[in-house]
Amino acid sequence: MSVIWVLFFIGHFWTGAADDHSVLVVDPPSFLSGITKNVQLTCRPPVGEDVARVLTLQVIRERSLDGASDPVATFLTSAATPLVEKFGVLLNASVSASYDAAQARDALLRVDLPDPAEIAAGRYTCSVETQDSHGLLHRYLSHRTTLTSLFLNGSVPLFYQAILLELRKDLDTLTSDLNKVNVQQTALEQLNNESESKLSAITADQLQLTGLKNDINAGVNGVDNQVTVIRSSIERLRDITPVEPVNFYAFFSSQYAAVGNNANIVFNSLEQHTDTSYSTSTGVFTVPVNGTYFFRTGVTGDTATHSASIVINDKPVASLVSYDDYGGVNQATACVVVKLTVADTVRVVKKTGSTSSVFGYYPNAGHNHVSYFVGTLQWSTSHAA
Ligand SMILES: *[C@@H]1O[C@H](CO)[C@@H](O)[C@H](O)[C@H]1NC(C)=O
Ligand SMILES: *[C@@H]1O[C@H](CO)[C@@H](O)[C@H](O)[C@H]1NC(C)=O
Ligand SMILES: *[C@@H]1O[C@H](CO)[C@@H](O)[C@H](O)[C@H]1NC(C)=O
Ligand SMILES: *[C@@H]1O[C@H](CO)[C@@H](O)[C@H](O)[C@H]1NC(C)=O
């Protein structure tokens, strides 16, 4: 500390002229407390002077209240080890310095004021003491440079204008970003529109396909119906195809047959018989297959009057009646076409007339088979009618 005061004491040797100022750079020249991060004060020797050695560099603050000057920091290069003294305790100053004896005019003392408070506002001076190449001592003072607190200067609105400018720049950036996003959004929307139009094209195709499918289904149904019709035609064809031929032709081998009234006329001989359906012992035909049958009987009697019926399952379905006033040989016939099922019975039952009067043949002129019973299957029905 004493060294500094000694140097101050010898300060009166200085010979600095008006233009021979040392250099003080204050950056930035104003601050807003709480916002500004750092103010830097850099103190250098004068430019263009004969500087062989630098002895001291000092930053001085002029108090705004009483005008007195305080040193903030002093750099003593003349000491064996260059020494930095920091006085700006109140200012929270951080001080650094550099000095190279071979490059004396590059000497530098720097004071940093981090997070400056209002108290940092004031006028600053850089004082430099040198020795020229002739050994003469000099002291140079820089211009007094004001560090302004924008708050104290009442210029806060200006500061906010600066902030506003920054915000405007941000806004411009954001607006341009937004425009880019809008362009992308439009592109996406276009893509979306294209997708939608493709989707509706696909939907239309789908509808068409559905229509086609319905048409095909309708066609298939039509074909199905035709198949059903054809099937039923085939069934019918099958129905009317005789399964096996069924027929018989029965008569009497004798000239006369005695048949009681209400008894079966038992034609006891067969001219034609395809199977065993007709019984020559009972005169009953038993239906072997479902189908439509034709029966005919002819009965010749030797008395004037006789009658008989074709009886199916005890029900007369066709009858013959002969009546002759003159009392000769008479023949009458009856026939029927009827649908029958398996096990139905068909027979001829004599109703009235002489009990020994049925002619088997009539000898005059060799008439054979004057009484007979025939039956034939027209077509079979393989299932229920
Ligand atoms: C120095 O630091 C103290 C503690 O952080 C603070 O209260 C004070 O305002 C500061 N002074 C200046 C001048 O920055
Ligand atoms: C201080 O305020 C005055 C007027 O209010 C202005 O002209 C001047 O530029 C201000 N100083 C700084 C360093 O902003
Ligand atoms: C997308 O379609 C909508 C509705 O049809 C239309 O208003 C819009 O302009 C279209 N967008 C593009 C980017 O084509
Ligand atoms: C014959 O017809 C009867 C009655 O309709 C029926 O029950 C039977 O199954 C038929 N038989 C055949 C072989 O079709």
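Counting starts at 1 for both ligands and their atoms, following the listed order. In this text the structure is predicted, and so the values were computed from the model without any measurement. For the single chain, residues carry numbers from 1 onward in sequence order.
For atom 4 (C) of ligand 3, the protein comes within 4.0 Å by no heavy atom at all. Contact annotation for atom 7 (O) of ligand 3: protein absent (non-hydrogen atoms, distance under 4.0 Å).
In terms of polar-atom proximity, E189 is counted as a contact of ligand 3, with an N or O under 3.5 Å from an N or O of the ligand. Checked against a 3.5 angstrom limit, the closest N/O atoms of N290 and ligand 4 fall inside it.
Set against the non-hydrogen atoms of T341, the atoms of ligand 4 under 4.0 Å away are 2 (O), 3 (C), 4 (C), 5 (O). Those atoms of ligand 3 with a heavy atom of N193 less than 4.0 angstrom away are 1 (C), 2 (O), 3 (C), 8 (C), 10 (C), 11 (N), 12 (C), 14 (O).
Counting heavy atoms from C-beta on, the side chains of L147 and L113 come closer than 4.5 Å.
Aromatic pair F267/Y249: centroids not less than 6.0 angstrom apart.
No hydrogens or angles considered: nothing links the side chains of N261 and T352 as a donor-acceptor pair under 3.5 Å. Checking S127 against R139 by side-chain atom types alone, a donor-acceptor pair falls below 3.5 Å.
Using a 4.0 Å cut-off between a side-chain N of Lys or Arg and a carboxylate O of Asp or Glu, R347 and D314 qualify as a salt bridge.
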